[in-house]
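Read the structure below first, then the notes.
Computed from a predicted model, the values in this text were never measured in an experiment.
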Amino acid sequence: MAYSDKVIDHYEHPRNVGSLDKDSPEVGTGVVGAPECGDVMKLQIQVENGVIVDAKFKTFGCGSAIASSSLATEWLKGRSLDEATEIKNSDIAQELALPPVKIHCSVLAEDAIKQAIEDYRRKQQQRQEAEQE
Amino acid sequence: MSDKRLVYMDNQATTRVDPRVVEAMLPWFSEKYGNAASRNHAFGWEAEKAVEAARRTLAEGIGAGPRELIFTSGSTEANNLAILGAARMYRERGRHLVTCATEHKAVLDPMLALQARGWEVTVLGVDADGMIDLDELRAALRDDTVLVSIMHGNNEVGTIHPVAEIGAICHERGVLYHCDATQTVGKEDLDVERDGIDLLSFSAHKIYGPKGVGALYVRRRRPRVRLEPIVYGGGHERGFRSGTLNVPGIVGFARALELCLEDRAGEQARIAALRDRLQERLLGELDYVHLNGHPERRLACNLNLSFEFVEGESLLMGLDGVAVSSGSACTSASLEPSHVLRAMGRGDDLAHSSIRFSLGRFNTEEEVDYVAERTIAAVRRLREMSPLYEMALEGIDLNKVEWNRH
């Protein structure tokens, strides 16, 4: 299978590999996929004043899965949470020129973004509730 | 990416044609191009003579007589002819067939095709090393069993089945034994007479010969095996397989086997030493690496490893320039991980992480060291990127995590 230049570039020079403190209230974490399915993506965002100031990922998966999550972290930085939810798997697939059999990699990335945002919002809500009490 | 050097370590997929084989084949394209079935002129006669000489060489190489060898387009066709041909010929005797879960698809698919048409197929399981249980085989044989198809050496994990014992078990019950020996002819000690094999498939391109030519051994005595053809049209190969013979291919096939048998034990020992060197380096320098296949009873060329927490296709990408293969779903058309590793109970996570290195005649020690270094570097880099490795280092049991499946 031939990979697009962009997939190869993200695979060879992945952006934002790493981990943020998952226990921090400013950090949202999304983990999607399963080892027996051949891909697991962990995507994290750090939010300040409603804006994503940092994003990190770790991915177990094929080159396209690594590239999809790497690209997602790049796109997330500097966006507001609402803007972040606008990132669609089709945008990722198009940008990386993923073939049809690899579309699920971009779907996984979109789901990881959604989960990370959800996780962050849940933490914020819990904090607000704790403050109100 | 193109600046990286190329190393071929996928010799169980196919091999480089030995230059001595090419040399033997060359006259048979443009100088001596007769049809071996042309009985009325010299072009035909010399082609027929060459084919018969090749047939003798190949038959001798497996302990058979020359009239017991049918040329085919390769092992896939030989397997199909053996299984479909025997099942259809002996349909009145019985409609039960036995095979095992780690066979090549060229055996399993014709079996499934027969199953869909009214035959009953017993698929034997294997143990964690990829070996069938001989008692299970004995128990599977019935009065209406007509054929057992169990391979010699496995193409993915290299496990070698005890063919002589399988042959004896089949013959006790009067059942025909077909053996797919594509990975072992010219490499392992094999003799159809001694080992009690009735049908045996093998191919030129796995033994440094050309693609597109193979053979099926069909026993003629004790018992005489008959097959219903799957290709009709002229009655070539004593009616077993019609079609103009691939004369240059057949000449090359025989030369290739001859070269393998010149110093079979010596060559296999040299390849095993290279394989062991690769294995020792990789297992010595990386943790969480699992050997797939039988630790002792396996092909000299084969090294199948699962690098835990690293997905196989991404590892292949990291090894660009190095030709190896993976049991990962992502590398197959079916999107299913290796059926062989699954049958061995390896778990899909380890199947996704498997890489097969297969060495051959033309590999060098220096290539082994280079591939070891590249693999170690790529595995380390990908593990740095792997959420699973991070979790394992944190002491999390990955089997107890509730995954968010897709």
Side-chain angles (χ1 to χ4, degrees), chain A residues 1-3 5 7-20 22 29-44 56-70 73 89 99-112 114-115 118-119, chain B residues 1-4 306-320 326-338 341-342 346-354 378-379 381-394 396-406:
Chain A
M1 195 185 313
Y3 299 96
D5 290 344
V7 168
I8 291 168
D9 183 44
H10 277 280
Y11 174 85
E12 290 191 338
H13 313 283
R15 293 26 154 198
N16 311 308
V17 174
S19 295
L20 300 168
K22 62 178 185 293
T29 302
V31 180
V32 295
E36 65 266 30
C37 303
D39 27 33
V40 176
M41 250 178 223
K42 185 184 82 167
L43 198 143
Q44 295 183 299
K56 296 275 184 204
F57 85 93
K58 282 202 174 189
T59 291
F60 161 83
C62 64
S64 303
I66 290 170
S68 295
S69 37
S70 170
T73 58
N89 81 286
V101 292
K102 295 295 182 186
I103 297 298
H104 75 275
C105 297
S106 62
V107 174
L108 220 53
E110 183 188 320
D111 286 354
K114 282 184 187 151
Q115 271 207 18
E118 248 174 65
D119 182 54
Chain B
M1 297 194 67
S2 53
D3 55 339
K4 299 215 173 94
S306 285
F307 299 92
E308 218 177 328
F309 319 122
V310 174
E311 195 276 329
E313 186 188 336
S314 67
L315 185 49
L316 292 190
M317 208 171 157
L319 292 175
D320 64 305
S326 169
S328 160
C330 298
T331 60
S332 75
S334 64
L335 286 176
E336 291 286 321
S338 155
L341 294 173
R342 275 185 156 180
R346 259 310 187 196
D348 284 359
D349 48 343
L350 285 179
H352 282 293
S353 300
S354 73
V379 169
R381 191 177 91 87
L382 289 165
R383 280 183 177 168
E384 283 305 305
M385 254 191 255
S386 169
L388 304 180
Y389 190 56
E390 182 181 68
M391 292 165 95
L393 292 183
E394 283 170 14
I396 297 170
D397 183 350
L398 296 177
N399 295 315
K400 292 190 179 138
V401 175
E402 258 190 58
W403 298 103
N404 192 333
R405 284 182 183 76
H406 270 251

With rounding to the nearest 0.5 angstrom, report the CD to CZ distance, A:Glu36 to B:Arg342. 10.0 Å
Measuring from B:Met385:CE to A:Ser69:OG, what's the distance to the nearest 0.5 Å? 9.0 Å
Report the option among A:Ser64, A:Pro14, A:Gly18, A:Ala65 that has the most heavy-atom pairs separated by less than 4.5 Å from atoms of chain B. A:Pro14
Checking B:Glu384 against chain A: side chain, backbone, both or neither under 4.5 Å from a heavy atom? backbone
Taking B:Asp348, B:Leu315, B:Leu382 one by one, which has the highest count of heavy-atom pairs under 4.5 Å against chain A? B:Asp348
Between atom CD of B:Glu313 and atom OH of A:Tyr3, what is the distance when rounded to the nearest 0.5 Å? 3.5 Å
So with a 6.0 Å cut-off around CG of A:Asp5, is the heavy-atom count from everything else above 12? no
Between the side chain of B:Glu311 and the main-chain N/O of A:Gly38, is any donor-acceptor distance below 3.5 Å? no
For a 4.5 angstrom cut-off between non-hydrogen side-chain atoms, does B:Met317 reach A:Ile66? no
Atom of B:Ser314, atom of A:Gly63 and distance for their closest heavy-atom approach: CB-N, 4.0 Å
Taken to the nearest 0.5 Å, the spacing of B:Glu390 CD from A:Phe60 CZ works out to 14.5 Å
Counting only heavy atoms closer than 4.5 Å, note whether A:Val17 contacts chain B via side chain, backbone, both or neither. side chain
Taking every non-hydrogen pair under 4.5 Å, which of B:Ser386, B:Pro387, B:Gly318, B:Ser353 racks up the most with chain A? B:Pro387
